[in-house]
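Remarks on the structure that follows.
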Amino acid sequence: DKAVLARLGALALPEESRWCPANIEDWMATEPPEPDFLFERVFPTGIVAGLAGAGGVGKSTFLLCLAYSLASGVPIFPAFVPTGGGKPVMIFLGEDPEDITQRRLRNVAQRFPLKKEEQELMKAFLGVYPQKAEALCEVKNGKLKKTAAYRQIETLVQAQKPALVIFDPKSRWGRINENSNEEATAFVELLEALVAPYGGSILISHHVSKAGRQDMNVASVRGASAFTDAARLFFSMVATAQVDGEDLSSTEGTRIRLHTTKSNFAPLLRKPLEFRRCAEFGGVLEQIVEESGENRLLEMAGTVAVWLKENGPTNISAVMDPRGGPTKGLHVELQDAFGVFRKDLEAAIQTGTEAGILLVEEVQTSGRPARKVRHLEPPNGKGPDEFSE
C-alpha cells in the first residue's frame, strides 16, 4: 500500500534536522538579500578578514585609524566610508606598549579632528585594549582548546556586541603551529564564534614571509594557506619607494600601498590604494587622492552620496546649481574638499552612478518629469527607499 509505505518513510525521518534542501522555486522568484557593509562596498559584516604586511609597515596604525573611523562614523580614508553614524568597535593591540598606542590614537585624533557629536560617538563606541596579548587557544590532545583569555574576551564581546573586533597581530593572539592548516582553520572558527551570535565581524593582522615582503597577494602571507582560505576578505600592505617608476626615496620617502587580495562578497579594489605618513602627526597614515582623473571624480561622488544619504533624494538641477537652496551646504563641502569642482560635478555624478553609489532616474510629478539623484545604499538586504515627491 502506497499510503502505508509513505507513512513508514515519514516515520523513518528524524524529527528535527538542520539539513534540508533550499526552496529552489522561491529562490528563482525572489531577489536574494545583499550583505550589510561596515565600510561601503569594501568590508562586509559578519566575516573574518585579514590584513597582511611586513613588520613596521604600519598595520597597527592603519587598524587604529579604521577603528577610529568606524566608531565615529567619519570617513578619514576616502576608500573606507563607514555605514551609519558610528558603530561599536573593540581593538586589541597586543604587541606594542600602552604609551605607544596612546600616542598613536592622539596623533590620529589630531590629524583627523572630529566635531563634538562625532567625538561623543567615538568615545562611546571605541574600545581600545592595549594590554599585552595572551593566547586565545592552545593545543591539547591534538585539538584546539579555548583558553581563559579567550573566555574573558568572549564575555566582553557578548556584553558589548561590537560591529567589529580587531586583533593585532595574529602571532600574539593565536599561538598555534602556523604551518598547520588544521590548526589555522580551527583558529578562524574560534574567532568566528566570538561574534557569530549577533553577526559581528573580525579583522586580524598577520605578518608575511620574508620572501613576500614586497608582494601583494595572499600567497605571501606567512604560514598555512588555510588561514587566508578561511577568511572572506584579505588586505595586503607593502612599503615602496617606487611609484609609477619614479624613485621617491630621496624626496617623499616610502609610500604605503594597500590592496584587497581576496574578497568573497565585495568587488576587489581596481588598483592599490596609496598612503603616506604624516611626519607632523607622528607618522599617521593618510590616503593619497589624485587631484585629477577618475579617483578625484569618485571621491567627489562619495561626498555627494554622503550628503544625499543625510538629506534625501534631490533634483539633479539643484545639485548642479543650488541657487541658495539646501544644496548650498553640499557645494560648501565640495569646495572645501576639492577646490574648483563645478566643471567636474556632472562627470562625478556619472562616475558615482557607474560605481554604484549614486542613482539618477526620472520621477513623475504633477508637472513635467524631474530628474532626481539619490544615494544608493550599499547592499543591506532592504534596498534603497523609493523617491518621494
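What you see is a predicted model; the values in this text were computed from it and never measured.
Not counting sequence neighbours, the partners of Asp229 by the side-chain contact (heavy atoms from CB on, under 4.5 Å) test are Ser225. By the salt bridge (Lys or Arg N to Asp or Glu O under 4.0 Å) test, Arg172 pairs with Glu95, sequence neighbours left out. In this structure, the ring pair (Phe, Tyr, Trp, His ring centres under 6.0 Å) partners of Phe62, at least two apart in sequence or on a different chain, are Phe77, Phe80, Phe275. Under the side-chain contact (heavy atoms from CB on, under 4.5 Å) criterion, Ser72 pairs with Val74, Leu114, Met122, not counting sequence neighbours. In this structure, the salt bridge (Lys or Arg N to Asp or Glu O under 4.0 Å) partners of Arg111, at least two apart in sequence or on a different chain, are Glu286. For Gln110, the side-chain contact (heavy atoms from CB on, under 4.5 Å) partners at least two apart in sequence or on another chain are Arg106, Asn107, Phe281. Partners of Lys140 by side-chain contact (heavy atoms from CB on, under 4.5 Å), not counting sequence neighbours, listed by chain and number: Glu138, Lys145. Applying the ring pair (Phe, Tyr, Trp, His ring centres under 6.0 Å) rule to Phe227 yields the partners His206, Phe234; only residues at least two apart in sequence or on another chain are considered.
A chain of hydrophobic side-chain contacts below 4.5 Å, direct or via other Ile, Leu, Val, Met, Phe, Trp or Tyr residues, connects Val360 to Trp307. In the hydrophobic clustering of ILVMFWY residues, with side-chain heavy atoms under 4.5 Å counting as a link, Val81 and Leu70 come out apart. Cluster membership for Phe265 and Leu164, using ILVMFWY side-chain heavy atoms within less than 4.5 angstrom, is shared. Under a hydrophobic-cluster definition in which Ile, Leu, Val, Met, Phe, Trp and Tyr are linked whenever side-chain heavy atoms come within less than 4.5 Å, directly or via other members, Leu194 and Leu190 are assigned to the same cluster. Transitive grouping of hydrophobic side chains (ILVMFWY, heavy atoms separated by less than 4.5 Å) keeps Phe125 and Ile91 in distinct clusters.
At least one side-chain heavy atom of Leu191 sits under 4.5 Å from a side-chain heavy atom of Ile204. Ile349 has its side chain within reach of Val319: a pair of non-hydrogen atoms, C-beta onward, lies under 4.5 Å apart. By the 4.5 Å heavy-atom criterion applied to side chains, Val238 and Ile256 are not counted as neighbours. A heavy-atom distance below 4.5 Å is found between the side chains of Arg41 and Ile357. Using a 4.5 Å heavy-atom cutoff, the side chains of Pro82 and Leu38 are not in contact. Contact of the Leu376 side chain with the Leu358 side chain is not registered, since no non-hydrogen atoms from C-beta on lie closer than 4.5 Å. Looking at heavy atoms from C-beta onward, Glu274 lies out of side-chain contact with Gln287 at the 4.5 angstrom threshold. Looking at heavy atoms from C-beta onward, Leu308 lies in side-chain contact with Val373 at the 4.5 angstrom threshold.
Atom OG1 in Thr314 sits 13.5 Å away from atom CZ in Arg371 (nearest 0.5 Å). Note that the OG1 atom of Thr61 and the CZ atom of Arg104 stand 4.5 Å from one another [nearest 0.5 Å]. For the atom pair CG (Asn264) and CD1 (Ile47), the distance works out to 8.0 Å, reported to the nearest 0.5 Å. Summarising the geometry, atom CG belonging to Leu126 is positioned 14.5 Å from atom NZ belonging to Lys87; distances are rounded to the nearest 0.5 Å. Here the straight-line distance linking atom CD1 of Ile76 with atom OG of Ser69 works out to 5.0 Å at 0.5 Å rounding. To the nearest 0.5 Å, the span separating OG1 on Thr261 from CE on Met237 amounts to 12.0 Å.
The shortest heavy-atom contact between Cys65 and Val284 is SG-CG1, 4.2 Å. Contact between Pro162 and Tyr198 at its shortest, heavy atoms only, is O-OH, 2.7 Å. Heavy atoms only, all atoms of each residue included: Trp27 and Ala22 are closest at CZ2-CB, 3.2 Å. Minimum interatomic distance between Lys262 and Ala230 (heavy atoms only, all atoms of both residues): NZ-N, 4.4 Å. Closest non-hydrogen pair, Val57 versus Ala239, comes out as CG2-N, 3.6 Å. In this structure, Lys59 and Gly53 approach most closely via the heavy-atom pair NZ-O, 3.1 Å.
Atom NZ of Lys161 sits in a crowded spot, with more than 12 heavy atoms from other residues, nucleotides or ligands closer than 6.0 Å. Remark: Glu280 CD is packed, more than 12 non-hydrogen atoms of other residues, nucleotides or ligands lying under 6.0 Å away. Under a cut-off of 6.0 angstrom, the local environment of CD in Glu98 is sparse, with at most 12 non-hydrogen atoms contributed by other residues, nucleotides or ligands.
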How far apart are the C-alpha atoms of Lys170 and Ile176, what are their side-chain angles, what is the distance that settles it, and do they pass the side-chain contact (heavy atoms from CB on, under 4.5 Å) test? CA-CA 10 Å; Lys170 175 178 176 287; Ile176 60 176; 4.2 Å; yes
Report the C-alpha separation of Asp36 and Thr83 in whole Å, then their side-chain angles, then the decisive distance to 0.1 Å, and conclude whether the side-chain contact (heavy atoms from CB on, under 4.5 Å) test is met. CA-CA 9 Å; Asp36 288 329; Thr83 59; over 6 Å; no
Step by step, work out the side-chain contact (heavy atoms from CB on, under 4.5 Å) result for Leu105 and Leu64. CA-CA 7 Å; Leu105 183 58; Leu64 199 56; 4.0 Å; yes
Decide side-chain contact (heavy atoms from CB on, under 4.5 Å) for Phe39 and Leu66; before the verdict, give the C-alpha distance in whole Å, the side-chain angles of both, and the deciding distance to 0.1 Å. CA-CA 9 Å; Phe39 295 95; Leu66 284 189; 4.1 Å; yes
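Side-chain atoms of Asn23 come within 3.5 Å of backbone N or O of Asp26 as a donor-acceptor pair. No donor-acceptor pair closer than 3.5 Å links the side chain of Thr303 to the backbone N or O of Leu334. Judged by distance alone, the side chain of Ser180 and the main-chain N or O of Glu183 form a donor-acceptor pair under 3.5 Å. Side-chain atoms of Ser263 come within 3.5 Å of backbone atoms of Ala266 as a donor-acceptor pair (strictly under, hydrogens ignored). Within the 3.5 Å criterion, the main-chain N or O of Asn179 finds a donor-acceptor partner in the side chain of Asn177.
A donor-acceptor pair shorter than 3.5 Å cannot be found between the side chains of Asp96 and Thr101. For the residue pair Gln350 / Glu354, a side-chain donor-acceptor distance below 3.5 Å is found, with atom types taken as modelled.
Residues in residues 94-114 take part in no ring pair (Phe, Tyr, Trp, His ring centres under 6.0 Å) pair, two or more places apart or across chains. Residue pairs that meet the ring pair (Phe, Tyr, Trp, His ring centres under 6.0 Å) test with at least one member in residues 163-197, sequence neighbours left out, are Phe92-Phe167, Phe92-Trp173, Phe167-Trp173.
Here Ile100 sits alone; no ILVMFWY side chain lies under 4.5 Å from its own, so it joins no hydrophobic cluster.
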For a quick test of your reading: what N or O donor-acceptor pairs under 3.5 Å do the side chains of residues 129-137 make, sequence neighbours left out?
unit_1	atom_1	unit_2	atom_2	d
Tyr129	OH	Gln160	NE2	3.3

